[in-house]
Undergrad: 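I'd like to ask some things about the structure below.
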Amino acid sequence: MSLILGLDIATVTGFAWYEPGSSLSSIKTGLIKAAGDNAEEKAESLGRQLRDMIKGNRPDFVAIEQPMRNVVSFKKTRQTLAGPVDEQTINPNALQLEGLVCAAVAIIGGGYGIPWETIPSSTWRKHFLGMGRSPGFDRAMWKRAAIERCRVLKIDVKNADAAEAVGIAMAGEACQRFKMARAA
């Protein structure tokens, strides 16, 4: 058997331990909260917690939700003494998320030599929920769908981050890199 760790990385990271072929109700889930005042401190905190988690129960493969590769800019109106001023900006959390994923990959692959894969949200959702994209679905609707799917499968999850980690872990089983690691 192979043990897959699924990670939905963010400031609050959902995780799921999935063993293909075992009962789905045996999937263990939880959360890691990255502590710190800035992106670097949060990356260190996440890395330390992942290191401790992996020391206690080493997975054979790690599936991670791939952060968005394009940082979208948007217009923001800022009030000044001279009146409103329009400016282009980005969501800094999008950059922080990439840093957290990189910290995790450095520990998992670089530190422990564990095979890993990043999986786009549309790919793991298609695998786990049966649809990768749905017009009109917002972030909250996707999260509710993941929780509901876990409930149907009788997988105990505490929140949407853990439910999404289950979907990511289960989609990890379908990855080419997982299949190659399993065969080796």
Side-chain angles (χ1 to χ4, degrees), residues 3-18 27-72 90-129 132 137-147 149-150 155-175 177-178 181:
L3 184 61
I4 299 173
L5 173 60
L7 297 172
D8 179 23
I9 294 179
T11 301
V12 176
T13 294
F15 66 85
W17 293 95
Y18 168 57
I27 294 174
K28 301 290 182 235
T29 65
L31 302 171
I32 297 172
K33 180 158 178 34
D37 294 330
N38 55 50
E40 295 82 4
E41 289 176 1
K42 289 178 182 178
E44 178 189 9
S45 173
L46 178 67
R48 195 176 328 102
Q49 291 176 74
L50 283 173
R51 178 198 64 206
D52 294 345
M53 181 189 300
I54 289 169
K55 274 185 184 176
N57 194 18
R58 186 184 171 105
D60 299 301
F61 187 78
V62 180
I64 304 166
E65 183 178 54
Q66 184 179 84
M68 291 181 62
R69 298 291 192 208
N70 58 336
V71 178
V72 179
I90 62 166
N91 180 353
N93 292 335
L95 299 176
Q96 181 174 293
L97 183 60
E98 180 75 27
L100 292 174
V101 169
C102 290
V105 167
I107 296 293
I108 293 160
Y112 285 96
I114 299 169
W116 57 273
E117 183 72 60
T118 58
I119 304 172
S121 58
S122 61
T123 301
W124 74 256
R125 287 175 179 153
K126 174 83 171 142
H127 184 86
F128 186 61
L129 301 173
F137 260 53
D138 64 4
R139 186 170 182 249
M141 293 171 88
W142 284 115
K143 289 188 174 292
R144 275 196 304 275
I147 289 172
R149 181 76 174 138
C150 285
I155 300 167
D156 184 33
V157 293
K158 296 189 179 14
N159 72 9
D161 298 317
E164 290 186 338
V166 170
I168 295 161
M170 292 177 82
E173 182 182 11
C175 289
R177 193 177 285 181
F178 171 76

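In what follows, residues are counted from 1 in the order of the sequence shown. Just the heavy atoms: all of them, side chains too, but no hydrogens, waters or symmetry mates, feed the values below.
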Undergrad: Just how far is it from atom OG of S45 to atom CD of E40, taken to the nearest 0.5 Å?
TA: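 So the OG of S45 and the CD of E40 are separated by 13.0 Å.
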
Undergrad: Just wondering, are more than 12 heavy atoms of other shown residues or ligands nearer than 6.0 Å to NZ in K126?
TA: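 Counting other residues, nucleotides and ligands, NZ of K126 stays at 12 neighbours or fewer.
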
Undergrad: Considering residues at least two apart in sequence or located in another chain, which fulfil the side chain to side chain contact (heavy atoms under 4.5 Å, CB included) criterion with E44?
TA: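 By the side chain to side chain contact (heavy atoms under 4.5 Å, CB included) rule, E44 matches R48.
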
Undergrad: Mind checking side chain to side chain contact (heavy atoms under 4.5 Å, CB included) for A163 and listing every partner two or more places apart, or none if nothing turns up?
TA: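 So A163 forms a side chain to side chain contact (heavy atoms under 4.5 Å, CB included) with A146, I147, C150, V157.
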
Undergrad: Atom CZ of R177 and atom CD1 of I119: how far apart are they, to the nearest 0.5 Å?
TA: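 Here the rounded value is 10.5 Å.
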
Undergrad: Supply the atom-to-atom distance L129 CG to S121 OG, rounded to the nearest 0.5 angstrom.
TA: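 Interatomic distance, L129 CG to S121 OG, rounded to 0.5 Å: 10.5 Å.
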
Undergrad: Taking the side chain as C-beta and beyond, is there a heavy-atom pair between P115 and F178 under 4.5 Å?
TA: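 The answer is no, as the side chains (C-beta and beyond) never meet within the 4.5 Å cut-off.
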
Undergrad: Could you check whether any side-chain heavy atom of V12 comes within less than 4.5 Å of a side-chain heavy atom of I32, counting everything from C-beta outward?
TA: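 No, too far: nothing below the 4.5 Å cut-off.
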
Undergrad: Determine whether a donor-acceptor pair (N or O, by modelled atom type, separation under 3.5 Å) exists between the side chain of D8 and the backbone of G14.
TA: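 Checked: no pair found.
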
Undergrad: If the test is side chain to side chain contact (heavy atoms under 4.5 Å, CB included), which one of W116, Y112, F15 qualifies with V62?
TA: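 Exactly one option meets the side chain to side chain contact (heavy atoms under 4.5 Å, CB included) with V62, and it is W116.
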
Undergrad: Would you sort out whether D60 and I4 count as a side-chain contact (heavy atoms from CB on, under 4.5 Å), showing the intermediate values?
TA: CA-CA 6 Å; D60 299 301; I4 299 173; over 6 Å; no

Undergrad: Under 3.5 Å, is there a donor-acceptor pair between the side chain of R125 and the main chain of P120?
TA: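 Answer holds: no.
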
Undergrad: Please identify each residue that fulfils ring-ring contact (aromatic ring centres under 6.0 Å, His included) with F128, with sequence neighbours left out.
TA: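 Once residues adjacent in sequence are excluded, F128 has no partner under the ring-ring contact (aromatic ring centres under 6.0 Å, His included) criterion.
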
Undergrad: Tell me, please, which residues at least two apart from N159 pass side chain to side chain contact (heavy atoms under 4.5 Å, CB included).
TA: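 Side chain to side chain contact (heavy atoms under 4.5 Å, CB included) list for N159, sorted by chain: L31, D161, A162.
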
Undergrad: Ignoring hydrogens and angles, tell me if any N or O in the side chain of H127 forms a donor-acceptor pair with the backbone of M170 under 3.5 Å.
TA: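 Yes; at least one donor-acceptor contact below 3.5 Å.
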
Undergrad: Side-chain contact, heavy-atom cut-off 4.5 Å: R58 with I114?
TA: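 Yes - at least one pair of side-chain heavy atoms lies under 4.5 Å apart.
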
Undergrad: NZ of K28 to CD1 of I155: how many Å apart, nearest 0.5 Å?
TA: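 Between K28 NZ and I155 CD1, I get 11.0 Å after rounding to 0.5 Å.
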
Undergrad: Using every non-hydrogen atom in the two residues, find where G172 and A63 come nearest and quote the distance to one decimal.
TA: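 Looks like CA-CB, 3.8 Å.
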
Undergrad: Applying side-chain contact (heavy atoms from CB on, under 4.5 Å), run through I54 and Q49 and close with a yes or a no.
TA: CA-CA 9 Å; I54 289 169; Q49 291 176 74; over 6 Å; no

Undergrad: Should we say atom CG of N57 is surrounded by more than 12 heavy atoms from elsewhere, each under 6.0 Å from it?
TA: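 More than 12 heavy atoms, drawn from other residues, nucleotides or ligands, come within 6.0 Å of this atom.
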
Undergrad: Between CG of L50 and OG1 of T13, what distance do you get to the nearest 0.5 Å?
TA: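 Between L50 CG and T13 OG1, I get 7.0 Å after rounding to 0.5 Å.
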
Undergrad: Kindly indicate, with the supporting measurements, whether the criterion side-chain contact (heavy atoms from CB on, under 4.5 Å) is fulfilled by T29 and D156.
TA: CA-CA 7 Å; T29 65; D156 184 33; 5.6 Å; no

Undergrad: For F137, which residues count as a ring-ring contact (aromatic ring centres under 6.0 Å, His included) partner, sequence neighbours excluded?
TA: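 By the ring-ring contact (aromatic ring centres under 6.0 Å, His included) rule, F137 matches W142.
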
Undergrad: Looking only at atom types and distance, does a side-chain atom of T118 sit under 3.5 Å from a main-chain N or O of P67, one as donor and one as acceptor?
TA: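 Side chain of T118 to backbone of P67: no pair is present.
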
Undergrad: Partners of A43 by side chain to side chain contact (heavy atoms under 4.5 Å, CB included), sequence neighbours excluded?
TA: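 Expected list: L100, A103.
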
Undergrad: Yes or no on side-chain contact (heavy atoms from CB on, under 4.5 Å) for E41 and N38, after CA distance, side-chain angles and deciding distance?
TA: CA-CA 5 Å; E41 289 176 1; N38 55 50; 3.4 Å; yes

Undergrad: Side-chain contact test, heavy atoms from C-beta onward, threshold under 4.5 Å: evaluate it for F61 versus E117 and give yes or no.
TA: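 With C-beta onward as the side chain, the pair touches.
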
Undergrad: With heavy-atom distances below 4.5 Å as the criterion, would you say the side chains of E65 and L7 are in contact?
TA: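 Side-chain contact under 4.5 Å: no.
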
Undergrad: From I64 CD1 over to L5 CG, what is the distance, rounded to the nearest 0.5 angstrom?
TA: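 The CG atom of L5 is 8.0 Å from CD1 of I64, to the nearest 0.5 Å.
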
Undergrad: Any heavy-atom pair between the side chains of Y18 and V166 that's under 4.5 Å?
TA: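 No; the side chains remain at least 4.5 Å from each other.
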
